[in-house]
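Chain letters run A, B, ... following the sequence lines, proteins first and then strands; every chain starts at 1. All figures in this text were calculated on a predicted structure; none of them were measured in a lab.
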2 protein chains.
Amino acid sequence: MARPSRRDHLIETAITLFCEHGYHATGIDLLLDRAGVSKKTMYQHFRSKEELIYAALRQYDGVFRNNFMKAVEAAGKTPKEKLLAIFDVAHTWFNDNKFFGCMFINAIGEYSEKDSPIREISRQFKQLMWNYVAELAKEANVKEPEKLANELCLLLEGAIVTAQVSQKPEAAITAKEIGKKLIDDAMGE
Amino acid sequence: MARPSRRDHLIETAITLFCEHGYHATGIDLLLDRAGVSKKTMYQHFRSKEELIYAALRQYDGVFRNNFMKAVEAAGKTPKEKLLAIFDVAHTWFNDNKFFGCMFINAIGEYSEKDSPIREISRQFKQLMWNYVAELAKEANVKEPEKLANELCLLLEGAIVTAQVSQKPEAAITAKEIGKKLIDDAMGE
DNA sequence: TTATAAGTAAACCGATCTGTTTACTTATAA
DNA sequence: TTATAAGTAAACAGATCGGTTTACTTATAA
């Protein structure tokens with residue numbers, strides 16, 4: 001397997017640092033030092049720090065959703081089981097010692113400008129997560145799959161923030177229990 | 001009524017700017033310019049920027065919770081109504097054009113150091129909000145008031161983040177509907 | 001009136017920020 | 001072998017960062 005290109009390595013390093021320390025707090029110099037890449041090379045690949053942030057979020061968007069879906073598919077057989085597995089996967093995520101909340105939620109906190117690309121990609125990420133949940137809900141033949149997707153996604157967001165801020169990874173369990181009720185309701189008990 | 005002291009005015013300005021633009025992105029110079037206060041005066045009142053951040057969060061903690069509780073008390077008569085009113089108050093908050101999410105959630109995203117005072121006060125804020133919800137739940141004579149408080153607080157967090165990131169203030173309504181079910185369940189239908 | 005405290009404006013400090021440039025060093029492929 | 005592309009290290013630039021200091025100006029209260 002080919003070793004990752006400089007560009008990819010920069011993005012990987014960026015994801016790690018932005019996740020843990022945030023976006024403004026992470027300086028380019030530190031990032032380059034960590035990545036072992038020269039400044040010139042970085043600015044050959046990215047026009048600006050903001051473009052690197054954007055690329056990092058783009059990459060993370062794909063990787064995270066892919067891993068998430070794979071984990072969900074592996075953990076549940078039926079659509080209903082998969083819907084519930086969402087919260088088990090989240091629970092595992094929360095217990096990772098490198099869990100620093102959701103990169104996109106954190107990004108929005110630092111970039112409030114309405115039509116910023118960073119905001120846009122964050123909004124998109126949540127939309128794509130919603131699409132996946134809505135798809136599962138449709139497969140489960142629930143009455144109002146989109147409504148259920150709204151509900152389960154809201155629960156997931158709540159669990160993420162509660163795990164992050166209140167240091168309670170078990171929020172995933174609370175969310176799962178509520179989710180179970182909602183799913184049962186939606187499937188016409 | 002006495003005009004606010006310089007200290008209070010600085011804190012007010014700080015809250016506004018930190019809310020909208022975040023903590024690292026808000027420079028002291030801009031903040032002082034906005035507040036119309038000299039740098040020397042600021043550093044007479046606060047030892048550092050971080051101390052100002054801390055004071056701002058402290059102040060916001062008190063003001064926000066006070067306003068929140070008053071609004072909830074005004075909107076609901078019975079404990080159950082008050083529990084539901086939480087989400088109506090949140091809805092109003094989300095529709096404010098100066099809504100930039102929760103200051104404390106945003107703060108955590110920028111300060112990941114485990115025992116940072118900024119993290120601690122954020123955790124505390126969420127705890128105090130929980131305490132209030134748990135109190136209402138007890139007044140409502142539900143079976144497991146603490147469990148219900150966990151659930152409703154999780155819903156509130158989810159609604160906040162959904163309103164902020166996905167630009168959907170109506171997340172408050174979704175959360176309220178789920179909350180209603182949970183409350184009914186907990187009151188032994 | 002006058003000492004004192006609290007304020008302002010602005011220069012200043014060293015550090016750090018994002019971003020550019022220069023000079024040199026690899027690889028790689030024709 | 002040799003031209004080319006891609007890399008490094010480091011100096012540099014100008015702006016901005018948080019924070020200090022100086023000189024001057026108010027208020028206020030004894």
* Structure fact -> Which of dT18(C), dT8(C), dG7(C) is nearest the side chain of H45(B)? It is dG7(C)

* Structure fact -> From CD of E50(B) across to C1' of dG19(D) the rounded distance in Å is 14 Å

* Asked: side chain to side chain contact (heavy atoms under 4.5 Å, CB included) between T92(B) and V89(B): does it pass, once the steps are laid out?
  -> CA-CA 5 Å; T92(B) 305; V89(B) 173; 5.7 Å; no

* For Q127(B) and N131(B), run side-chain hydrogen bond (donor to acceptor under 3.5 Å, both in side chains): C-alpha distance rounded to whole Å, both residues' side-chain angles, the deciding distance at 0.1 Å, then the answer. => CA-CA 6 Å; Q127(B) 175 69 49; N131(B) 289 352; 2.9 Å; yes

* Structure fact -> Between Q44(A) and Y23(B), whichever has its closest DNA chain D nucleotide further toward 5' is Q44(A)

* Structure fact -> Atom NZ of K49(A) and atom C1' of dC17(C) are separated, to the nearest Å, by 8 Å

* Roughly how many Å is it from OH in Y54(B) to P in dG18(D), rounded to a whole number? -> 21 Å

* Interatomic distance where CE belongs to M42(A) and P belongs to dA9(D) [whole Å] -> 16 Å

* Phosphate contact (dA10(C) OP1 or OP2) by S38(B) side-chain N/O below 4.0 Å -> no

* Asked: Roughly how far, to the nearest 0.5 Å, is OG1 of T16(B) from CD1 of I11(B)?
  -> 12.0 Å

* To do: Would you give the length of the straight line joining atom NZ of K98(A) to atom SG of C19(A), rounded to the nearest 0.5 angstrom?
  => 11.0 Å

* Check every atom of dT8(C), dT18(C), dG18(D) against the side chain of I28(B) and return the nucleotide holding the closest atom. => dG18(D)

* **CE-CG distance between M69(A) and L136(A), expressed to the nearest 0.5 angstrom** => 8.5 Å

* May I ask you to verify if any side-chain N or O of S48(B) is less than 4.0 angstrom from the OP1 or OP2 atom of dG18(D)? => no

List, one per line, each side-chain donor-acceptor pair under 3.5 Å for residues 103-111 of chain A, sequence neighbours excluded.
unit_1: N106(A); atom_1: OD1; unit_2: Q164(A); atom_2: NE2; d: 3.4
unit_1: N106(A); atom_1: ND2; unit_2: F100(A); atom_2: O; d: 3.0
unit_1: E110(A); atom_1: OE1; unit_2: H24(A); atom_2: N; d: 3.0
unit_1: E110(A); atom_1: OE1; unit_2: H24(A); atom_2: ND1; d: 2.6
unit_1: E110(A); atom_1: OE2; unit_2: Y23(A); atom_2: N; d: 2.9

* Take the protein atom CZ of R7(B) and the nucleotide atom P of dA5(C), then report the distance between them rounded to whole Å. => 20 Å

* Asked: If pairs are Watson-Crick or G-U with both distances under 3.5 Å, what is the dot-bracket string of DNA chain D, marking crossing pairs with [ ] and pairs to another strand with |?
  -> ||||||||||||||||||||||||||||||

* To do: To the nearest Å, give me how far apart CG (D33(A)) and P (dA10(D)) are.
  => 11 Å

* In whole Å, what is the span from the NE2 atom of H24(A) to the P atom of dT16(D)? -> 14 Å

* May I ask you to decide if the ring planes of F68(B) and F64(B) are parallel, tilted or perpendicular, using 30° and 60° as cut-offs? => parallel

* Rounded off to whole Å, could you give me the CG-to-P distance for the L10(A) and dT18(C) pair? => 14 Å

* What is the distance from atom CD1 of I178(B) to atom NZ of K176(B), rounded to the nearest 0.5 Å? -> 13.5 Å

N/O-N/O pairs, protein side and nucleotides 20-27 of chain C side, under 3.5 Å:
none

* **Heavy-atom pair with the smallest gap, counting every atom of A90(B) and L156(B)** => CB-CD1, 3.8 Å

